[in-house]
Amino acid sequence: MNVYIMTDMEGVSGIVRREQVAPGSAAWRDALRFAEADFNAAVAGAFAGGARRVVLCDAHGGGNNIRIENMDGRAEYERPTGRGSVMPALFSGKFDVALLIGAHAMAGTQGAFLEHTQSSASWHNHTVDGKRWGELAQFAAWLGHFDVPLALVTGDEAVCREAREFLGEVETVAVKTALCRQYARSLPLEAAHKAISEAAARAVLAAGKVRPFKPKLPAEVRLEFHSAEGADGLARRPGVRRIDGRTVGWTASTALQLIGI
Amino acid sequence: MKKIYIVADMPGASGIVNADQCRWGGFLWREARAFLAADVNAAIEGAYAGGADEVVVCDAHAGGCNLPLERMDPRAIYETANREELLPGLADDFAGLFIVGAHAMAGAQEAFLCHTVDNAVWFRYRLAGRECGEIGMWSAYAGHYGVPLLLATGDAAACAEAEELVPGVALAGVKEAVAWDRARTLHPAEARGRIGSACRRAMELVGKVEPALIDMPNEAELEYVRCEFADEVAGRQGAERTGPRTVRRRLESALDVRRGF
């Protein structure tokens, strides 16, 4: 049983204000231990559930949110390598199930901690065949392209709702509740780690019963930016059409093209 | 007695072709102030040549202090806008409103630096149910005093927006957008000539153009780029949250149309 763990930082237990996820800030540096603890809990759970190999992708802000010496020595660690390889190991290895730890809800979700889709400074809406998507659906579709089902999502209550909406039968662990976009109330750390670990074990044990997320293809993708400036950057790529001042669109023929082209 | 109120904004001034030239306080901005000054002086001259007795100029870009007063036409009076009052010195004895250096509303197509109030915060603004930018806000505010919009200068998109709002309004298109942050401009000397003659035409419209009147009380609705802004405003008196990123506010009169939503 090979397990892929995708991670983000907004949905980590103990992280309750925006500054804690701003790479390079003092608050972020201090919050790394929270991220490491949630990620380690997931790794331990995966092994307890029968994993033979675990690869964890440190993806928030492109990586650099874990100190390897603090991480469970049984797993392997990687980070995105840029456009085209958000989860690099999927291209070379075979995985049976994936877990998403520390997730956040899509841009435009009320009552969601640090809601955004890819960029809180430029992406307004990402839609696939008219349905709004967040990073959760993006990751699930990306995994689905490699036939890997997403079996566990942890984060705030809003992203857990989003996970059930997109994936149906999926394990979720809500480790916090948003008070508004910028502040949250977290579960006590120990309780959160225990819940993550147990859910990870259950998800790995039940891996064969969860289906990969495979949206209908080809699909019409729209990317609406806050400003025309964002659309300008993509509008001239081959296959991309300008829909309006701040929206571009294209037809995705593979799941990997649902996110970018 | 013909009094003319001129609002001066920077993105639509001739000679300005790059977003950095409008960044208040920057090196390129310092130089670009001369372009704005020349356009505004041409408008003042055109207003007087067309029969104006008094001209008031509101320096409205980024809180004001863009116009180098030592280079400005000494016949006019100069003021700046604030968060509470869009056009502070406007009153019901003015004969017309001129907008010099205008830009199109947020989300417009092929529009240089199109935005509404704050490109990083305001996504879409609706006044009395109609999508609206700063040109619409200013003309509505002036409408409260029975003052009609008589002239707009700026890029082609801003001129089109003014024409749609007030058919027959005097226009001087001085440039076209190449991208959101790049434009192609007429030579400023040529632009000054066109602005001057458009202002003389505008003076002939005095008494012939209706002010923009909005039934009151009415509503303004603002969609923000992120939930956090709606979180902040939604608790305040008179503000109703109508969506995750959207807040609606009741307007008692058009004087309630302001930059501080």
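In the text below, chain A, chain B and the rest are named by the order of the sequence lines, each starting its count at 1. Owing to the predicted nature of the structure, the values given are computational and were not obtained by experimental measurement.
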Give the atom names and distances for all donor-acceptor pairs closer than 3.5 Å across chain A and chain B.
{"unit_1": "A:R18", "atom_1": "NH1", "unit_2": "B:E228", "atom_2": "OE2", "d": "3.4"}
{"unit_1": "A:E115", "atom_1": "OE2", "unit_2": "B:C227", "atom_2": "N", "d": "3.0"}
{"unit_1": "A:S120", "atom_1": "O", "unit_2": "B:R226", "atom_2": "NH1", "d": "2.6"}
{"unit_1": "A:H124", "atom_1": "O", "unit_2": "B:R245", "atom_2": "NH1", "d": "3.0"}
{"unit_1": "A:H124", "atom_1": "NE2", "unit_2": "B:E223", "atom_2": "OE2", "d": "2.9"}
{"unit_1": "A:N125", "atom_1": "OD1", "unit_2": "B:R245", "atom_2": "NH2", "d": "2.8"}
{"unit_1": "A:R181", "atom_1": "N", "unit_2": "B:D231", "atom_2": "OD2", "d": "2.6"}
{"unit_1": "A:R181", "atom_1": "NH1", "unit_2": "B:E228", "atom_2": "OE1", "d": "3.0"}
{"unit_1": "A:Q182", "atom_1": "NE2", "unit_2": "B:E228", "atom_2": "OE2", "d": "3.0"}
{"unit_1": "A:H226", "atom_1": "NE2", "unit_2": "B:V225", "atom_2": "O", "d": "3.2"}
{"unit_1": "A:D232", "atom_1": "OD2", "unit_2": "B:W180", "atom_2": "N", "d": "2.5"}
{"unit_1": "A:R246", "atom_1": "NH1", "unit_2": "B:F123", "atom_2": "O", "d": "2.8"}
{"unit_1": "A:R246", "atom_1": "NH2", "unit_2": "B:F123", "atom_2": "O", "d": "2.8"}

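For B:A120, no part lies near chain A; criterion is any non-hydrogen pair under 4.5 Å. The part of A:I243 that comes within reach of chain B is its backbone (N, CA, C, O), which places non-hydrogen atoms under 4.5 angstrom from that chain. Residue B:V121: no heavy atom, backbone or side chain, is found under 4.5 Å from chain A.
Interface remark: of the candidates A:C180, A:A107, A:A231, A:G108, A:G108 forms the most heavy-atom pairs closer than 4.5 Å to chain B.
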#### Entry: Derivation and outcome, side-chain contact (heavy atoms from CB on, under 4.5 Å), residues B:L171 and B:L151
CA-CA 6 Å; B:L171 299 170; B:L151 167 118; over 6 Å; no
### Message
I'd like to know whether A:T172 forms a side-chain contact (heavy atoms from CB on, under 4.5 Å) with A:T154, so could you lay out the CA-CA distance, the side-chain angles of the two residues, the decisive distance to 0.1 Å, and finally the verdict.
### Response
CA-CA 6 Å; A:T172 59; A:T154 79; over 6 Å; no
### Task
Just do the side chain to side chain donor-acceptor pair (under 3.5 Å) check on A:S13 and A:D38 with the steps written out, would you?
CA-CA 7 Å; A:S13 69; A:D38 273 22; 2.7 Å; yes
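Side chains of A:D8 and A:H60: a donor-acceptor N/O pair is present below 3.5 angstrom, by distance only.
Residues satisfying the salt bridge (charged side-chain N to carboxylate O under 4.0 Å, His left out) criterion with A:R185, sequence neighbours excluded, are absent altogether. For B:A254, the side chain to side chain contact (heavy atoms under 4.5 Å, CB included) partners two or more places apart in sequence, or in a different chain, are B:H144, B:M216. Residues satisfying the ring-ring contact (aromatic ring centres under 6.0 Å, His included) criterion with A:F39, sequence neighbours excluded, are absent altogether.
A pairwise comparison of heavy atoms in A:M9 and A:L32 identifies CE-CD2, 3.9 Å as the closest pair.
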